[in-house]
Amino acid sequence: MEKKISEILQSIDNGEYKIPEFQRGYVWNSNQVKGFFRSLYLGYPSGSFLIWKTKDPSKIRGSNSESNLAFHQLILDGQQRLTTIYTIFRGQTPDWYEGVSLRTDLYFNLESEEFEYFMQKKMSNNPDWVNVSEFLSEGGVNTFINKIHELSESIRNYYLSKIVILNKLDSIKNYTYYIKEITEMDLDKVVEIFNLVNKTGTTLNESDLALAIITSNWPEAKDRFRAASEEFKKYNYEFSFRNYTRLLNIFCLSRGKYVDELSNVEAESFEKEWLEIKKVLSYLINVLRDKAFIDSSDSFSSLYVFYVLAYYLKINGGQFNSEEEANKAIYWMFTALLWGRFSGSSESFLEKDMNALKQENSIDSLIKEMHLFRGSNLLLNSQDISMQGVRSRIYNLFYCAIRAQNAKDWTNPVMSLYSKSVGYNNKLQRHHIFPKAFLYKKYNSSNSIHKAMVNEISNIALITQKSNLEILDDDPNNYLPKIEPEQLRKQFVPTDSKLYSIENYELFLEERRKNLTNGINKFLKSFFEDQTIETINQDLQHYDDEIEKIEFGLRDVISSKLELACELDAYQEYIPEHIKVKVEGRVKNWLGKNPGEDKSQFAVLRRKMDFFDLQEYKDVVVSKICYPIFEDTFGSKGVLEVRFNQLAEIRNSIRHSRDVTEATIKDGEAAISWFNSIIKPFIRNSDTEELE
């Protein structure tokens, strides 16, 4: 059966098409929406729809799920496209909508015939840009032409000159889709079809598929999840369906990874374990708010620590056996977050920690795993803080350490520093102790290293909105001496006024790093005095994951800067001949193994750079012809070469299974930290489930 978009929209309005509850929510991003509408506009193929026609559906999503129709028509494949079409054409989301925000401010350019989301500076009062949702929802080209009579003659004539393009935009409503219906009665078979179809289209991750299985066996699942989310949100803890799905897998099967046995769990078991999950989460939130100074789920770079602690509580009657045990668990949690235990290969480390608990059932076993992961010392040193900004994992620990000392606001010392304070003026803000505008009189804002120094966590304090407005860009020499020394010390700020001049900024950073290191370590030790274990970390895969992200970032920053600097061909103009020979040989070999691939993809430098190795990145950057292009980004050539060598040493040790010394690991960590701080805007986040 075939239907035009206009007919499909009418079917949705009539309540004919619905979404089964086991479907995931809306997940498309703005680029996918733009690309999709471009395909519709150009008449390109964009798939078909798969509909499940049934008299006896599973639970249906949406408040308007009742229907007098004999058959229900549930969308198995095409939800993202149908939700997008409906929202843009109708100016509002369909009844079944849930998921990420879907904007309706999509615009179309009558000159370039491109789709873009609204940008005020670019589009305001510019007749080239037409609001797509307004245009389509208000009746298309006929309504549009009627409305332009109110405009000036020049703009009216401009739109009339574009009537062919406007008609083409309007004709999207006539775009035709093939709709395939299935009448399978067995719900398990339907879920299987759903999973197969979605794995060949816009892929679902394992959490999405697990949720589909859970909701097919336990239709009330999402209702339970929504109710719990509303309750936890009152206390500033936000959990997603993905979090609940993982916890159900852990509580029902005692497994971190999703396994096929999940499909055998019955509704009664899901309901029983769900009640336990809610109890454990409530208990854990109370413990963390009271003892660890964690005000909200925003303080977690990864919620995998929640899964481990929740599992520990599950197998121990739902609570810690003593205050000492609770403190030890908090120490483990903070060190796991600090050192990125779950920032890569998250499931694998979750399984390792759960297996350790199965074998020994103690927090000590988790701390032992952290030593295997990190090495002898789980505490900070000053070098760990260098070049790290507020997005580093250290920042949240810094906030908790300040809260633990009951630090007060700088201009109103009655006010405690709390991230959830009520009132605009009392809102907690990050403050540059040496204001950015002040420092950029000395440092270069386009230099990546200078920028990292200005924004380093060692130059950050926490104060209220009111204090921030009062201080603004004031000279630290003027305002810091007016603040109570005790309040400076509680935020680990040096009290030696000689360090407050711009000439001594780097000395100030050095002293603040020491203070931060000592303060945060003291905070960690208040929970547990860990004994130094003479061991070298054995779980090195996370370093390899970090290095891989850095390599992606290096490819992007090198290719983009050379493309901007070149006259015609960046590859020919800037890449040394000895590297070209090796790269072209690798590309030729790859094409030989993949004969169906298009050779033209290698016309651009960025694609060729996928075949460079780490040494070749360095050779390109430090070459005589290229280094002036990269100096603002990487700073000293000598330092850059040292960092490249440190990165290469740890990478080669891991990938070639060599013995890795403590010195190699420390040098490698320093290099990873250094590269991350400089090329962060270019680094791709490959860990899609880190915030699970």
Side-chain angles (χ1 to χ4, degrees), residues 380-399 401-402 405 407-413 415 417 419 427-520 632-636 639 673-674 676-678 680-681:
L380 279 168
N381 63 51
S382 297
Q383 190 178 17
D384 297 321
I385 293 176
S386 177
M387 307 290 277
Q388 296 301 302
V390 296
R391 289 190 177 89
S392 78
R393 292 185 288 264
I394 298 169
Y395 175 74
N396 289 326
L397 189 51
F398 162 61
Y399 168 72
I402 287 173
Q405 299 191 96
K408 307 288 187 180
D409 187 33
W410 280 359
T411 65
N412 181 15
M415 179 68 65
L417 298 174
S419 66
K427 183 180 178 183
L428 195 65
Q429 291 198 331
R430 294 190 290 264
H431 166 68
H432 284 72
I433 300 169
F434 281 69
K436 288 195 283 187
F438 183 74
L439 286 174
Y440 284 140
K441 294 173 184 176
K442 177 180 179 181
Y443 296 100
N444 182 357
S445 62
S446 63
N447 182 302
S448 296
I449 293 177
H450 288 181
K451 197 170 181 180
M453 286 171 55
V454 168
N455 293 295
E456 187 176 314
I457 196 172
S458 301
N459 189 34
I460 299 296
L462 298 175
I463 58 178
T464 64
Q465 165 93 1
K466 183 174 181 289
S467 287
N468 217 2
L469 290 172
E470 286 184 28
I471 295 170
L472 285 178
D473 297 332
D474 199 3
D475 185 333
N477 262 325
N478 292 333
Y479 82 86
L480 281 177
K482 300 173 186 175
I483 298 167
E484 293 180 10
E486 181 65 13
Q487 294 310 320
L488 294 178
R489 281 191 287 271
K490 285 186 175 183
Q491 294 212 46
F492 318 118
V493 176
T495 54
D496 183 355
S497 60
K498 294 194 294 292
L499 298 174
Y500 298 163
S501 67
I502 194 168
E503 292 77 17
N504 288 331
Y505 176 63
E506 288 170 46
L507 292 175
F508 171 86
L509 285 183
E510 190 176 321
E511 190 64 25
R512 182 95 191 289
R513 287 177 196 135
K514 292 177 186 174
N515 290 357
L516 279 172
T517 300
N518 293 335
I520 291 173
D632 278 351
T633 301
F634 292 108
S636 163
V639 172
S673 175
W674 188 83
N676 277 336
S677 66
I678 289 173
K680 189 167 287 182

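Side-chain contact check for Glu511 versus Asp496: every heavy-atom pair is 4.5 Å or farther apart. In this structure, the side chains of Ile457 and Ile385 come closer than 4.5 Å at one or more pairs of heavy atoms.
In this structure, Asp409 and Ser467 approach most closely via the heavy-atom pair OD2-OG, 2.7 Å. The nearest pair of heavy atoms linking Ser458 to Ile433 is O-CD1, 4.3 Å.
In this structure a side-chain-to-backbone donor-acceptor pair under 3.5 Å is missing from Gln465 to Lys427. Not a single donor-acceptor pair under 3.5 Å links the side chain of Asn444 to the backbone N or O of Asp632. Without hydrogens or angle criteria, Asp473 side chain to Ala437 main chain gives no donor-acceptor distance under 3.5 Å. Judged purely by atom type and a 3.5 angstrom limit, Glu456 uses its side chain to pair as donor or acceptor with the backbone of Met387. Side-chain atoms of Gln491 come within 3.5 Å of backbone atoms of Leu462 as a donor-acceptor pair (strictly under, hydrogens ignored). At least one donor-acceptor pair under 3.5 Å links the side chain of Arg512 to the backbone N or O of Ile460.
For the side-chain hydrogen bond (donor to acceptor under 3.5 Å, both in side chains) test, residues two or more places apart in sequence or in another chain that qualify with His432 are Asn455. Residues forming a side-chain contact (heavy atoms from CB on, under 4.5 Å) with Pro481 (at least two apart in sequence, or on another chain): Tyr500. Not counting sequence neighbours, Tyr399 has no partner by the ring pair (Phe, Tyr, Trp, His ring centres under 6.0 Å) test. Checked against side-chain hydrogen bond (donor to acceptor under 3.5 Å, both in side chains), Lys466 has the following partners two or more places apart in sequence or in another chain: Glu470. Applying the side-chain hydrogen bond (donor to acceptor under 3.5 Å, both in side chains) test to Asp475 and every residue at least two apart in sequence or in another chain returns nothing. Annotation: side-chain hydrogen bond (donor to acceptor under 3.5 Å, both in side chains) contacts of Asn518 (sequence neighbours excluded): none.
Taken to the nearest 0.5 Å, the NZ atom of Lys482 stands 6.5 Å off from the CG atom of Asp474. With rounding to the nearest 0.5 Å, the separation of CD in Gln429 from CG in Asn468 is 4.5 Å. Atom CD1 in Ile463 sits 9.0 Å away from atom CG in Leu417 (nearest 0.5 Å). Atom-to-atom distance recorded for Glu486:CD and Thr495:OG1 is 10.5 Å, nearest 0.5 angstrom. A distance of 8.5 Å separates CG in Leu439 from CE in Met453, rounded to the nearest 0.5 Å. The OG atom of Ser497 sits 9.5 Å away from atom CG of Leu480, with the distance rounded to the nearest 0.5 Å.
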Exercise for the section: Check the pair Ile483, Val493 against side-chain contact (heavy atoms from CB on, under 4.5 Å), reporting the backbone distance first and the verdict last. Expected result: CA-CA 11 Å; Ile483 298 167; Val493 176; over 6 Å; no
Practice task
I would like to know whether Trp410 and Thr464 meet side-chain contact (heavy atoms from CB on, under 4.5 Å); could you show each step before the answer?
Solution key: CA-CA 8 Å; Trp410 280 359; Thr464 64; over 6 Å; no
Exercise for the section: For the pair Ile394 and Ile520, evaluate side-chain contact (heavy atoms from CB on, under 4.5 Å) and give the outcome as yes or no after the intermediate values. Expected result: CA-CA 9 Å; Ile394 298 169; Ile520 291 173; 4.0 Å; yes
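Between Phe438 and Phe434, the ring-plane angle classifies as tilted under the 30° and 60° cut-offs. Using cut-offs of 30° and 60° for the angle between ring planes, the Tyr443 and His450 rings count as perpendicular. Using cut-offs of 30° and 60° for the angle between ring planes, the Tyr479 and His431 rings count as perpendicular.
Counting non-hydrogen atoms of other residues, nucleotides and ligands closer than 6.0 Å to NZ of Lys436 gives a total of 12 or fewer. Sparse packing is recorded around NZ of Lys451, with 12 or fewer heavy atoms of other residues, nucleotides or ligands lying under 6.0 Å away.
Under the 4.0 Å criterion applied to side-chain N and carboxylate O atoms, Glu510 and Arg513 are not assigned as salt-bridge partners.
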